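Heads up: the structure comes next, in structure tokens.
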Amino acid sequence: MSKFASLEEAISANVNDGDTIALEGFTHLIPMAAGHEIIRQRKRELTAVRLTPDLIYDQLIGAGCVKKLIFSWGGNPGVGSLHRFRDAYQNGWPRKITIEEHTHAGLTNRYVAGASGMPFAVLRGYFGSDLVDKTENIATIDSPFDDQKILAVAAINPDVTIIHAQQADRQGNVMAWGITGSSKEAVFAAKRVVVTVEEQVESFTPKFNSIIIPEALISNIAVVPKGAWPSYASGYYERDNDAYIAWDEVAKERESFTKWLDQEIYAKSSDAYQGSEA
Amino acid sequence: MSKFASLEEAISANVNDGDTIALEGFTHLIPMAAGHEIIRQRKRELTAVRLTPDLIYDQLIGAGCVKKLIFSWGGNPGVGSLHRFRDAYQNGWPRKITIEEHTHAGLTNRYVAGASGMPFAVLRGYFGSDLVDKTENIATIDSPFDDQKILAVAAINPDVTIIHAQQADRQGNVMAWGITGSSKEAVFAAKRVVVTVEEQVESFTPKFNSIIIPEALISNIAVVPKGAWPSYASGYYERDNDAYIAWDEVAKERESFTKWLDQEIYAKSSDAYQGSEA
Amino acid sequence: MAISEINRAGSSSEAEKNPWNSNEMMTIAAARTLRDGMICFVGIGIPSTAAILAKATHAPNLFLIYESGTVNTNPQKLPLSIGDGELANQALSVVGMPEIFNYWLQPGRIDMGFLGAAQIDRFSNINTTFIGESYENPKVRLPGAGGATEIAGACKDVIIIIKQTTRTFVPKIDFITSLGFGDGPGSRERNGLIGNGPKYVITDLGILEPEATSKELVLTALHPGVSVEQVIANTGWDLKVAKDLKESAAPTTEELERVRALVATSSRKKS
Amino acid sequence: MAISEINRAGSSSEAEKNPWNSNEMMTIAAARTLRDGMICFVGIGIPSTAAILAKATHAPNLFLIYESGTVNTNPQKLPLSIGDGELANQALSVVGMPEIFNYWLQPGRIDMGFLGAAQIDRFSNINTTFIGESYENPKVRLPGAGGATEIAGACKDVIIIIKQTTRTFVPKIDFITSLGFGDGPGSRERNGLIGNGPKYVITDLGILEPEATSKELVLTALHPGVSVEQVIANTGWDLKVAKDLKESAAPTTEELERVRALVATSSRKKS
């Protein structure tokens, strides 16, 4: 009963309409191919959680998969706006989406609480920001030991968390290294976990700044080389900054986006994924 | 202004009478030589925090350095009792000590709160245990998001945390690998940090399960080979189980302990520390 | 725990071929309760021996976690301390204790947790803190909770391994370190514990299980050669006995050989 | 932010030898505020350029942390995104974001945090969330808080880098994403913030600092070639000007060369 599966199988088996999903990875190791497969399988009514929506959620939103976005920084890093997100939020195209907006510290701690099986986590955050009045799932509580007011954020427990990593071993354990953001917490917080990896290896070799995700936490693994493109996978390929810039043009207009969607997603099969061609 | 110092200087500069100290390391990398130096410098009125008092705090308590012990499991691992701890707690020799007793989960989270600069951390712990009525610095709070009762533990911020690690680089950054327990949190929680290391190296090489303590967090570093003996330092030497067993005999009687104290601590200088001779 | 107990199973024919002692039987009985693929939170001593034995026999994919931070470890010899180098060297990974307690144990991710105890009562509440009249002036000060309180609270199921005598099986324990079923049904829920509580209490004499409704411990199996009277005589309360009382299968030759080989890997000298 | 601004410092002799643009001056002014050994929480863009410049010149032991998890990083070229590979490759270590926010930022361990903004008011409150009438129907939706709210709250000191126009320096910002001094003295304390708040607001025209008692921004320095009138005309409120108004030193040749070399490392194509 191997957990290795095709990307198509992994998404089909673990992502359902109406799910709360978290595709994590901070700038690095963003599971782009998995996002494309969610679009290809025309999943709908998703609540999509991610610190930085980035291109991956701009695409999911533009394709109409998302009803609610939970996030903490919504731009195209180093480039500008996420046009599909803005068009959906401000103009309702292709559908109206709602948002729940946090700070990085707050959303990270929502994952921490979820990973810990707690109803909430505490931080000194949001204080003085107008976000306090706009954001669900935060509350002020009193310290039982002194007179400080503390901020509590509600746990988030995605139905499925999807991450991309560099390697899986034969048993299906996963190793990622470099910037991992809040991925570990998003994995521990999730009911189901899908991992895409650059490659399968016989065994791991030590790396600085590595984390291991035990097979026991993972629902399915798919080997998807370049699965993080145009973000990057340390040790495999670099961030394609040109593609991030090019996305600005693609996403700016509904027509150019729709054309991209048809040509790059719907017209391709999941196993034809090769980031460099898109 | 190098942070490298002799063990004598490092303890003298950072440990004061009346301080709250945390010498961490879980079974592995216990800073035994640093503990001996605290005894040798006859520090007094210490509040000593550690999940497992182990031999190191049995020795500090027997030497009269400690007024209060904060801990979560007080035995000689794999052997039996900590006789000096029991003699002090039950009979007041060489002085009466008070205790504050937690669970591992609770005391670990006291460090987490301290590391986070928060007044407290939350967990689902102590529930149903009589410890709830005996232990300071815990409280029950209400979840603001549902009707769960949650346990809060107060932050602990030691005046000084001391750990042992395998390596320091030339800049004074420290690398430890293998079991590190709650050491990282105890370091982040502390006002001052002393690290003893097996050796200084030019640069680090990748290891599985390693943590890096940046020089910026450290007050002083001392190179003390075998500084964790009779606990162990992965990659350097193994746990001296015989010494743990032998300690049972040494610590059982006040006379044999006093003789040990005179011969092995007071009669030796700090730079004569060689674990294997003790 | 020296391997020096009298073999209580003097009468069975299997025992004549393969005499075993009560520690071995207790270890083997515990190992048999583990199913392949379980995530187990393991302590030092008999729990480790049982878990390693199970992994070497019928449950090769047991996933063993120790509180020291070793995740999915596969020790080839018996660890002598909870943070033994063997546990770290054979682990898939080693993580900090906040991750162990907050991310692994607390959310109910552990299928089976092992606990020992100095005292146990009829509702499987256990004491590892002190023996005597008061916390402040104990007769015998024990190590305390360590990970036990939250293991008892959060694991889906718990196995307690303890030698059965009237000193250990007492009507009222001197201190509740870790909650079993409190004062009976509903007590765990009122205390906010998410796990099911103790599933088996495995002793050198037999196996006890909480009754489904009352949650009171019932003797459900005798180890070979042990009589009900013997168990009752070693219990400090009026022990309930199951109608369909079973007998544990005697240790097989393979089980015994593996337990003994494991114990032989222990390099600990006897003092 | 293309390097295409008119050099505002046309009159100084230094400028004639070494004409610079306003982005360069803003970057260099920010770099000069950093002292060796500081722990700085850095963002992408001018903050990165300033921090790397300072580290390459007068502050070689600057300790740079980025929210992506890179600790004590020493980038040799300009990162284009907050999680750039260069930041990870040149870091002492890379840790998870809970450690960055909970263990590094929250306890007040950071000496200096950098922030940008779309709008700022006289009490250094900043908006990076939206421009327009309402949160629900913004005219322009901006990226939002990211790390900014807690950077503003917890760093010992904060530098805000922003181009000065009447669109950015406004009487009332449309949304307080991150608190500066709220509505004046005592506001930070009432809100439970532990850091001192903004120390410098560095613009393309000069430097503003909060007045010690009122906490209102005061123009304390002009960049070379800029007039007070020019700054006032680019501020949306009645700007206070310090009595001892200073002039920033013109960029040195070394500063300019290093800034330009850094910017040249950026491999980003202009679209």
Side-chain angles (χ1 to χ4, degrees), chain B residues 25-28 51-52 71-79 81-82 85-86 89-90 101-106 108-109 111-112 123-131 133-134 148-151 177-185 208-209 211 231-232 234 238-239 241-242 244-246 248-249, chain C residues 44-45 67-70 79-85 87-89 91 93-98 100-102 105-107 125 127-129 135-138 140-150 152-154 175-180 182 187-188 190-194 267-271:
Chain B
F26 195 79
T27 308
H28 182 218
L51 271 67
T52 58
F71 75 108
S72 45
W73 192 87
N76 179 341
V79 180
S81 289
L82 295 174
F85 161 48
R86 285 176 59 170
Y89 181 59
Q90 297 182 225
E101 185 172 2
H102 291 272
T103 67
H104 280 348
T108 290
N109 278 296
Y111 285 134
V112 168
L123 70 155
R124 193 178 284 112
Y126 299 80
F127 289 157
S129 169
D130 286 342
L131 273 176
D133 300 325
K134 293 294 178 189
Q148 290 189 63
K149 298 274 182 194
I150 293 299
L151 207 289
W177 63 88
I179 290 167
T180 51
S182 297
S183 294
K184 184 193 270 191
E185 285 68 29
F208 281 124
N209 309 308
I211 61 170
S231 85
Y232 71 109
S234 182
E238 300 209 352
R239 190 170 188 265
N241 293 307
D242 293 345
Y244 272 83
I245 293 166
D248 193 66
E249 282 303 311
Chain C
I44 293 304
E67 66 189 17
S68 51
T70 58
L80 295 166
S81 71
I82 194 75
D84 212 90
L87 295 174
N89 296 339
S93 68
V94 184
V95 300
M97 289 176 81
I100 290 291
F101 285 108
N102 294 348
L105 179 60
Q106 183 166 264
N125 303 301
N127 175 16
T128 56
T129 301
Y135 180 79
E136 289 72 21
N137 276 303
V140 181
R141 173 69 224 197
L142 305 165
T149 306
E150 286 81 16
F175 189 88
I176 300 178
T177 310
S178 307
L179 201 72
S187 187
R188 290 183 66 82
R190 279 195 303 279
N191 279 285
L193 302 182
I194 64 169
S267 61
R268 176 178 156 189
K269 286 186 198 164
K270 300 296 162 190
S271 56

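No experiment lies behind these values; they were computed from the predicted model shown. Lettering of chains follows the sequences in order, A, B, ..., and the numbering in each one begins at 1.
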Once you round to the nearest 0.5 Å, how far does [atom1] of [X] lie from [atom2] of [Y]?
X: C/Met97; Y: B/His104; atom1: CE; atom2: NE2; answer: 5.0 Å
X: C/Ile82; Y: B/Thr27; atom1: CD1; atom2: OG1; answer: 7.5 Å
X: C/Gln106; Y: B/Asn109; atom1: CD; atom2: CG; answer: 7.0 Å
X: B/Asp130; Y: C/Thr129; atom1: CG; atom2: OG1; answer: 8.0 Å
X: C/Arg190; Y: B/Phe127; atom1: CZ; atom2: CZ; answer: 14.5 Å
X: C/Ile176; Y: B/Leu131; atom1: CD1; atom2: CG; answer: 11.0 Å

- [ ] Report the C-alpha separation of B/Arg86 and C/Val140 in whole Å, then their side-chain angles, then the decisive distance to 0.1 Å, and conclude whether the side-chain contact (heavy atoms from CB on, under 4.5 Å) test is met.
- [x] CA-CA 9 Å; B/Arg86 285 176 59 170; C/Val140 181; 3.6 Å; yes
Return the minimal non-hydrogen interatomic distance between [X] and [Y], and the atom names on each side.
X: C/Asn89; Y: B/Ser234; answer: OD1-OG, 4.3 Å
X: B/Asn209; Y: C/Val94; answer: OD1-N, 2.8 Å
X: C/Leu179; Y: B/Gly128; answer: CD1-O, 3.5 Å

At a heavy-atom distance under 4.5 Å, which candidate from [options] has the highest pair count against chain C?
options: B/Phe71, B/Tyr111, B/Tyr89; result: B/Tyr89
options: B/Leu123, B/Leu51, B/Leu151, B/Thr180; result: B/Leu123
options: B/Gly125, B/Ser182, B/Ser231, B/Gly181; result: B/Gly181
options: B/Lys184, B/Lys134, B/His28; result: B/Lys134

Option that, when pairs with chain B are counted at under 4.5 Å, heavy atom only, ranks first among [options]:
options: C/Gly83, C/Pro143, C/Gly144; value: C/Pro143
options: C/Gly85, C/Pro79, C/Gly180; value: C/Gly85
options: C/Ser93, C/Gly182, C/Ala152; value: C/Ser93

Task: Within-4.5 Å side-chain heavy-atom neighbours: B/Gln90 and C/Asn137 - done: no
Open item on the list: Would you say C/Tyr135 and B/Glu101 are linked by a side-chain donor-acceptor pair, where the criterion is simply a distance under 3.5 Å?
Closed with: yes
- [ ] Against chain B, label C/Asp84 side chain, backbone, both or neither, depending on which of its atoms sit under 4.5 Å from a heavy atom there.
- [x]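 For C/Asp84, backbone heavy atoms alone lie under 4.5 Å from chain B.
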TODO: Check whether C/Ser68 gets within reach of chain B through its side chain, its backbone, both or neither, counting any heavy atom under 4.5 Å.
DONE: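 Backbone plus side chain of C/Ser68, per the 4.5 Å heavy-atom cut-off to chain B.
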- [ ] Examine whether an atom of B/Tyr232 lies under 4.5 Å from a heavy atom of chain C, and if so say whether it belongs to the side chain, the backbone or both; otherwise answer neither.
- [x] side chain
Open item on the list: Taking side chain as everything from C-beta outward and backbone as N, CA, C, O, which of these in B/Arg124 sits under 4.5 Å from a heavy atom of chain C? Side chain, backbone, both or neither.
Closed with: both
Open item on the list: Donor-acceptor pair, distance only, cut-off 3.5 Å: does the side chain of B/Glu185 make one with the backbone of C/Pro98?
Closed with: no
Task: B/Glu238 CD: over 12 foreign heavy atoms closer than 6.0 Å - done: no
- [ ] Test C/Arg141 against B/Ser81 for side-chain contact (heavy atoms from CB on, under 4.5 Å), laying out the working first.
- [x] CA-CA 8 Å; C/Arg141 173 69 224 197; B/Ser81 289; over 6 Å; no
Open item on the list: Please enumerate all residues that pass side-chain contact (heavy atoms from CB on, under 4.5 Å) together with C/Thr149, with sequence neighbours excluded.
Closed with: B/Thr103, B/Ser129, C/Ala145, C/Thr177, C/Ser178
